[in-house]
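In what follows, a structure is listed as structure tokens, so that the remarks can point back to it.
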2 protein chains.
Amino acid sequence: METATIKDIARICGVGVSTVSRAINNHPDINEKTKNLIMQTIAEHNYIPNNSARNLKRSESNTIAVLIKGISNPFFNNMLKVLEHEIHRNKYSFLLHRVEEQEDEIEVALLLEKEKRLKGIVFLGGYFSHSEEKLNQLKVPFILSTGGVTEKIDKECYSSVTVDDYKESYKMADYLCKLGHKRIAIIAAPPEEECIGKLRLQGYLKALEDNQIPCDPNLVRYKRDNTLDTFSMKYGYEVTKELLQAEKEFTAVFAISDSIAVGACKAISEAGKNIPEDYSVAGYDGMDIAFYYIPSITTIRQPVEEMAEETIRILFDIIEYGSTNIRKDFPAELVIGQSTKSLIKAEM
Amino acid sequence: METATIKDIARICGVGVSTVSRAINNHPDINEKTKNLIMQTIAEHNYIPNNSARNLKRSESNTIAVLIKGISNPFFNNMLKVLEHEIHRNKYSFLLHRVEEQEDEIEVALLLEKEKRLKGIVFLGGYFSHSEEKLNQLKVPFILSTGGVTEKIDKECYSSVTVDDYKESYKMADYLCKLGHKRIAIIAAPPEEECIGKLRLQGYLKALEDNQIPCDPNLVRYKRDNTLDTFSMKYGYEVTKELLQAEKEFTAVFAISDSIAVGACKAISEAGKNIPEDYSVAGYDGMDIAFYYIPSITTIRQPVEEMAEETIRILFDIIEYGSTNIRKDFPAELVIGQSTKSLIKAEM
DNA sequence: TTGTACGCGTTATCAT
DNA sequence: ATGATAACGCGTACAA
């Protein structure tokens, strides 16, 4: 049997297609009895409306799409949960769409906008480096959440919810300095990666400078390896092993993500050293693992839930009241764990 | 400006719509020059073909969809990466679709099948408890990967790639027994959850039985809490705290996932106890964190990459040669970490 | 090589 | 309350 269409159902029920359509879409102008009859035959024949046809015909939908680049990052898991919840709470449908690493997220958004008649778009994470012109093609309300944006784009062009990676990274590095660490290694992303990793590195550099600590390039560590996710435990592990083998003196490691920090801890532990006695280790993100690791890892906790809620709040502001250009920067919190210790005698 | 359609482009170029269509779809029967002209005006006017219309019109696509229930589980991250890679390697498009916890995955698949003219479907994870009839409605080749299936469904109805959770769980519990542990607690899923958690519990029970160790219900631990993901670190942490407070004697904890094991370790550590000296802890899944945790966690490593590859291989077998009913069960590997110790004197 | 016209499955408008 | 019919945007058979 070929897959049934609305016409088949109409024919079987002896009614017109519009009546069937009305039944499906809960239109008011329909007799209870005919509706029941229709719904029943629909169930019997396993009829399923074709979404493409609906989207084609409908002028609008009630869908909000969340576009996420590289779904692998567990950091977004909590965020997604809240986003989905908030979207549903507002009676909208939630559509998660993953955009692949080499894809252009705007391009994808443009496609989706046409295909699904979206009401709004949330860009989660990623790093925007498009032209303004491209961005302006998006007719649908959208918001950037937790992502970086190149300086090339005028800030007036978009709304966003962010954490100031530069500032928060500075906060962490400064904290390590204030603990008395003079030789602080950083495990960063390869410099050619256009991403938040760059901002976190800059925050570190500035903190060193402000604390009158010269930056030793030997302690700025990263690794180019296509088989390796930059924000993975393995990356932290490998880079830290290299760092240890380099035999440069250092007392603290600042990893630009918690996953990296975990890998760093393991490498240090395997080298027979202890945390924080021999080396202090700090992470970034405030992921669960930072708290459940042994020792718990000092980290920068981003207020994930609040950010997700605010993201949706702003998006609805744009959708319903035509607001534009709303930008909200969330402060993150330095959460002190057991992985960092003070080198200052009075505190020891 | 209203969003441009193929007609607009045709009019602007002074050609027919079919010519534009030919240009877009790389048809051979078209003059290079007109094609160039068309492509250029398309770029200039930011024309984007409407996918709904295409899907509606096209009789088939080259898309393979991966349906995943509850994307939060990081276990699937690696798997997804391989699946995507393999699908692309075979010149198909990859479509990831998340199905929400309360949604019916078959229902979703049926919808998607119509909407996207899918070539194949991979169901990743989840637990199938549908009627055979429902399953048979799926006309598109599909395969179950890494998921459980209710006994109610005839095994002849589907193809699958699995790990025998019962057997592997038995393996782990048996290993703990052989280490001399007599009092082995298990951190399981709430019994009403229809999922692999059940099989892992059963494997544990059987192993105890075969080792002549009576099962103490006080050591079978779980927690009902809707705010808590069963397979999360927090779950493991909370349940283990309860376990410790219950002051039942035990020497080992078997957590039915690595995340749970991490939480368990933390709870034990916070109670001032050591792993594995005071308590042995074992996990399940073979996630990265098991190896990077301190101590590394003894676990059951599922051959994720191989399973993903085999999933796609079988799916293509079904698509291209009409194979049916292929079932492959992968053995998993007991990976011994630092979190478990032997209680037998000779080995101490 | 190119253009015209039809149909994909649905919703919405307009009669009835 | 219901049915015929015109779109929605595109691909393609067919004619030119």
Side-chain angles (χ1 to χ4, degrees), chain A residues 1-39 41-42 45-63 110-118 139, chain B residues 1-39 41-42 45-63 110-118 139:
Chain A
M1 155 193 101
E2 278 309 298
T3 136
T5 78
I6 197 172
K7 286 179 195 165
D8 299 321
I9 302 298
R11 190 166 22 77
I12 294 168
C13 292
V15 300
V17 285
S18 31
T19 309
V20 178
S21 179
R22 278 189 270 265
I24 296 171
N25 298 297
N26 286 319
H27 263 75
D29 289 355
I30 187 173
N31 186 306
E32 253 330 288
K33 276 198 295 192
T34 49
K35 176 167 177 177
N36 288 144
L37 168 67
I38 291 170
M39 293 316 273
T41 42
I42 282 179
H45 291 73
N46 304 317
Y47 162 69
I48 297 180
N50 183 312
N51 239 326
S52 292
R54 298 182 113 169
N55 288 330
L56 182 59
K57 185 61 199 176
R58 274 206 264 259
S59 50
E60 59 171 55
S61 78
N62 257 294
T63 306
L110 252 14
L111 258 161
L112 226 48
E113 169 182 346
K114 300 228 172 179
E115 179 173 352
K116 301 284 189 176
R117 318 269 167 170
L118 300 179
K139 298 300 176 213
Chain B
M1 157 192 100
E2 277 308 299
T3 138
T5 77
I6 197 173
K7 283 182 197 163
D8 299 320
I9 302 298
R11 190 165 25 75
I12 293 166
C13 293
V15 301
V17 286
S18 41
T19 309
V20 178
S21 178
R22 279 190 270 266
I24 295 172
N25 298 297
N26 287 318
H27 268 272
D29 291 354
I30 187 172
N31 185 306
E32 254 329 288
K33 276 197 296 192
T34 48
K35 176 166 176 177
N36 287 144
L37 168 66
I38 291 170
M39 293 315 272
T41 41
I42 282 180
H45 291 74
N46 304 317
Y47 164 68
I48 296 179
N50 183 311
N51 238 327
S52 292
R54 300 183 110 172
N55 287 330
L56 184 58
K57 188 64 198 173
R58 277 206 263 260
S59 52
E60 59 171 54
S61 78
N62 258 294
T63 305
L110 252 15
L111 258 160
L112 228 49
E113 169 182 345
K114 300 228 171 178
E115 179 173 351
K116 302 284 190 177
R117 318 270 166 172
L118 301 178
K139 299 300 176 212

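Everything quoted here is computed from the prediction, not taken from an experiment. Quick note on labels: first sequence line is chain A, next is B, and so on, each numbered from 1.
- C:dT10 atom C1' lies 9 Å from atom CD1 of A:Ile24, rounded to whole Å.
- A side-chain donor-acceptor contact under 3.5 Å links A:Ser52 to the backbone of B:Glu115.
- Minimum interatomic distance between B:Leu56 and B:Arg117 (heavy atoms only, all atoms of both residues): O-NH2, 3.3 Å.
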Requested in this report: Would you mind building the protein contact string for nucleotides 1-8 of chain C? One character per nucleotide, 5' to 3', B for base within reach (heavy atoms under 4.0 Å), S for sugar-phosphate only, - for untouched.
Outcome: BBBBB-BB
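- A straight line from CD of A:Glu60 to P of C:dT11 spans 14 Å, rounded to a whole angstrom.
- Rounded to a whole Å, the CZ atom of B:Arg58 is 17 Å from the P atom of D:dG9.
- Relative to the side chain of A:Tyr47, the nucleotides D:dG11, C:dT11, C:dT10 differ in distance, and C:dT10 lies closest.
- Using a 4.5 Å heavy-atom threshold, the side chains of B:Ile24 and B:Tyr47 count as touching.
- At C:dT11, one or more side-chain N or O atoms of A:Asn25 fall inside 4.0 Å of OP1 or OP2 (strictly under the cut-off).
- Atom-to-atom, CZ of A:Arg11 to P of C:dG9 comes out at 12 Å; the value is rounded to the nearest Å.
- Look at B:Arg54 and you won't find any side-chain N or O under 4.0 angstrom from OP1 or OP2 of D:dC10.
- Atoms SG and CD1, from A:Cys13 and A:Ile38 in turn, are 5.5 Å apart once rounded to the nearest 0.5 Å.
- A:Asn26 places its CG atom 16 Å from the C1' atom of C:dT10, with the value rounded to the nearest Å.
- Rounded to whole Å, the distance from CG on B:Asn50 to C1' on C:dT10 is 13 Å.
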Report task. Apply side-chain contact (heavy atoms from CB on, under 4.5 Å) to the pair B:Glu113 and A:Ile48, showing each step before the final yes or no. Result -> CA-CA 10 Å; B:Glu113 169 182 345; A:Ile48 297 180; over 6 Å; no
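- Here B:His27 does not reach the OP1 or OP2 of D:dG11: none of its side-chain N or O atoms lies under 4.0 Å away.
- The separation between A:Asn55 atom CG and D:dG9 atom P is 13 Å, rounded to whole Å.
- Side chains of B:Asn26 and B:Lys35: a donor on one and an acceptor on the other come within 3.5 Å.
- A:Asn51 has its CG atom 14 Å from the P atom of C:dG9, to the nearest Å.
- With 3.5 Å as the limit, one finds a donor-acceptor pair spanning the side chains of B:Thr3 and A:Lys114.
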